[in-house]
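In what follows, a structure is listed as structure tokens, so that the remarks can point back to it.
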Amino acid sequence: MTQDRVIIFDTTLRDGEQSPGASMTKDEKLRIAKALEKLRVDVIEAGFAISSPGDFAAVKSIADTIKDSTVCSLARAVDADIDRAAEALVNANSGRIHTFIATSPIHMQHKLRMQPEQVIEQAVHAIKRARNLCADVEFSCEDGGRSEIDFLCRIIERAIDAGARTINIPDTVGYAIPHQFADTIRQVIERVPNADKAIFSVHCHNDLGLAVANSLAAITAGARQVECTINGLGERAGNASLEEIVMAIKTRQDVLGVRTDVVTEHILSTSRLVSSITGFAVQPNKAIVGANAFAHESGIHQDGVLKHRETYEIMSAESVGWHANRLSLGKLSGRNAFRTRLQELGIELADQDELNAAFARFKELADKKHEIFDEDLQALVSDTVTDVDERVRLTYLDVTSRTGEVPVAKVVIEVEGVSREATASGSGPVDAVFRALEGIAGLGATLQLYSVNAITEGTDSQGEVTVRMEKSGRIVNGNGADTDIVIASAKAYINALNLMYSGVARAHPQIEGI
Ligand code: KIV
Ligand code: ZN
């Protein structure tokens, strides 16, 4: 067992994607996977290959591309899932099948309707099958946090004998309390006779706000893999947040005595990427990556930090990527400087056409905004690089908004080259624009979320808008950015329309348990 290194297993693309509304397209997942590889996470759980053709394609394209991290697919403990996971991982440089079955009395009795002995046999069968297809197999005891310790020890011993090399004990429903969870992990490691042949892992959900605390407690008890997500994304209240775990390990090495290989300077850019792709804004007071995480407001604190940074800062903002070259480019910057900065930010454009389109957008933005920051470039590229055909394009927008009058919007769009226009009123300018667009599109989708986020400081900041739409179980997140938030909103709405038309959207990836 690795003594001093904690394996960072990122499940943003699988459990994170199970956040209602956070589903991502294949290309978006690949972009995040590349950022995770650059962050040097050890394992990327890329998806749940059998859950849909789209998820299979995403896992496969990540497995085909990523070289430095292990790429993993989730699979229930059933043959079809395991075979599909193996198929998606066939070209992986380093692939892992992660198979699971529930082990708590409540899940076995009411969900699986199986006897404990049957559960053990099914797990053993699944692990053996997975081991025949892939050298690296992880086994999870779903709802481990509410499972009986004797049963956990029995099934884990058999799982290790069957060939699982990582044993994961998830707190699936976020029920655990740190000292009690640590005790469970410690007991399992002590009592399972072949525990030395596996790495013990934890996967904590945040229903009581304890996911990070429980994960750290488990590390003190011997866990050497932590499953976590960027920004704490995940089912319900989310998973343990990667940035908090990694920075706690780094900052409190004196207490925890372990390390990770994560390149912490890339944390902020990865957080921003995930937030802009999913449309889940990061709250300002979020540890590590929130806008206020390193902002000192009180005079006493500011004075202290100026005199000696460590008086009020336990880690440096730069160590997680804040302020590093924030001021990026300006109006006079040329194509080469633009391309170089994108490369430094790890943003890859597919070809010259994409570079040209992004550069044209950059010039437009530089005309409106004096200073262009890295965050602007990231938003600009997210806006330009899209894996959908632009069937619908915005050509004209006119909105009137006056005190005491009802706002009115006139929009002109091109739908497959044909110009269409509509005028509508609404309770506000954005509402009027959306009504006008829906008047033309007639899609009948439900608007599930509308969010605006200022990308940088100052009133000349670009607004980044996310529009989440749902129709017949399909959910899409449309994004748009502009210094004019009404235009950004129209762009986001149109992006969502294009995603709906293209079929890139997909339903919530989770499928029923066995
Ligand atoms: O929360 C959970 O139990 C899971 C497992 C599939 C690992 O996500
Ligand atoms: Zn989970």
Side-chain angles (χ1 to χ4, degrees), residues 7-20 22-23 43-51 55 59 70 72-78 81-82 84-85 96-108 110-112 119 122-123 126-127 130 136-147 151-152 155-156 159 164-176 181 184-185 188 198-212 214-215 218 223 225-242 245 508-514:
I7 295 168
I8 296 296
F9 175 116
D10 179 277
T11 182
T12 308
L13 300 175
R14 198 278 297 170
D15 213 320
E17 202 196 19
Q18 285 172 213
S19 308
S23 57
V43 187
I44 299 172
E45 187 162 54
F48 192 174
I50 201 159
S51 67
D55 224 36
V59 178
T70 295
C72 170
S73 173
L74 187 66
R76 292 167 300 182
V78 290
D81 282 38
I82 286 162
R84 194 75 171 140
R96 173 182 294 188
I97 296 178
H98 174 193
T99 187
F100 72 99
I101 194 163
T103 52
S104 63
I106 187 167
H107 275 231
M108 291 193 287
H110 298 288
K111 185 180 82 169
L112 301 179
V119 171
Q122 187 155 334
I127 294 163
D136 185 354
V137 173
E138 170 171 336
F139 172 65
S140 278
C141 309
E142 192 193 6
D143 206 16
R146 291 190 300 172
S147 300
F151 184 65
L152 271 184
I155 194 166
I156 289 171
R165 287 293 162 263
T166 304
I167 298 294
N168 185 37
I169 304 182
D171 179 25
T172 304
V173 291
Y175 185 67
F181 194 54
T184 302
I185 304 300
V188 170
I199 288 177
F200 281 80
S201 164
V202 290
H203 170 115
C204 298
H205 279 271
N206 206 29
D207 299 65
L208 292 173
L210 292 170
V212 170
N214 284 330
S215 307
Q225 174 177 286
V226 173
E227 303 195 355
C228 44
T229 58
I230 300 289
N231 299 339
L233 215 61
E235 186 91 35
R236 305 181 311 279
N239 288 65
S241 128
L242 179 146
I245 302 260
H508 195 284
Q510 182 69 300
I511 53 177
E512 280 179 16
I514 47 169

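Owing to the predicted nature of the structure, the values given are computational and were not obtained by experimental measurement. Just so you know, ligand 1 is whichever comes first in the structure, and atom 1 is the first atom listed for that ligand. Side-chain atoms are counted along with the backbone in the values below, which use heavy atoms only and exclude waters and symmetry mates. Numbers for residues simply follow the sequence, beginning at 1.
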Worksheet item: Any salt bridge between K111 and E142, counting N to O under 4.0 Å?
Response: yes

For [X] and [Y], indicate whether the former's side chain and the latter's backbone hold a donor-acceptor pair under 3.5 Å.
X    : Y    : value
N214 : A176 : yes
H98  : S73  : no
T172 : D143 : yes

Once you restrict both partners to nitrogen or oxygen, which atoms of ligand 1 have a protein partner under 3.5 Å, and how far apart are they?
{"from": "ligand 1", "atom 1": "1 (O)", "to": "H203", "atom 2": "NE2", "distance (Å)": "3.2"}
{"from": "ligand 1", "atom 1": "1 (O)", "to": "H205", "atom 2": "NE2", "distance (Å)": "3.0"}
{"from": "ligand 1", "atom 1": "3 (O)", "to": "T172", "atom 2": "OG1", "distance (Å)": "2.6"}
{"from": "ligand 1", "atom 1": "8 (O)", "to": "R14", "atom 2": "NH1", "distance (Å)": "3.3"}
{"from": "ligand 1", "atom 1": "8 (O)", "to": "R14", "atom 2": "NH2", "distance (Å)": "3.0"}
{"from": "ligand 1", "atom 1": "8 (O)", "to": "D15", "atom 2": "OD2", "distance (Å)": "3.0"}
{"from": "ligand 1", "atom 1": "8 (O)", "to": "H203", "atom 2": "NE2", "distance (Å)": "3.1"}

Fill in: Greater than 12 external heavy atoms within 6.0 Å of F151's CZ
yes

Practice prompt. Name all residues meeting the salt bridge (Lys or Arg N to Asp or Glu O under 4.0 Å) criterion together with R84; count only those two or more places apart in sequence or in a different chain, and write none if there are none.
Written response: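 R84 satisfies salt bridge (Lys or Arg N to Asp or Glu O under 4.0 Å) with E87 only.
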
Discussion item. Is there a side-chain contact between V202 and E227 in this structure, where contact means two heavy atoms from C-beta onward sitting under 4.5 Å apart?
Written reply: no

What is the name of the N/O/S atom in [X] that sits closest to the Zn ion (ligand 2)?
X    : answer
D15  : OD2
H203 : NE2
H205 : NE2

Worksheet item: So does E227 have any N/O/S atom less than 2.8 Å away from the Zn ion (ligand 2)?
Response: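 Checking E227: none of its N, O or S atoms is under 2.8 Å.
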
Fill in: C204, S201, S147, S140 screened by side-chain contact (heavy atoms from CB on, under 4.5 Å) with P170, the one that passes
S140

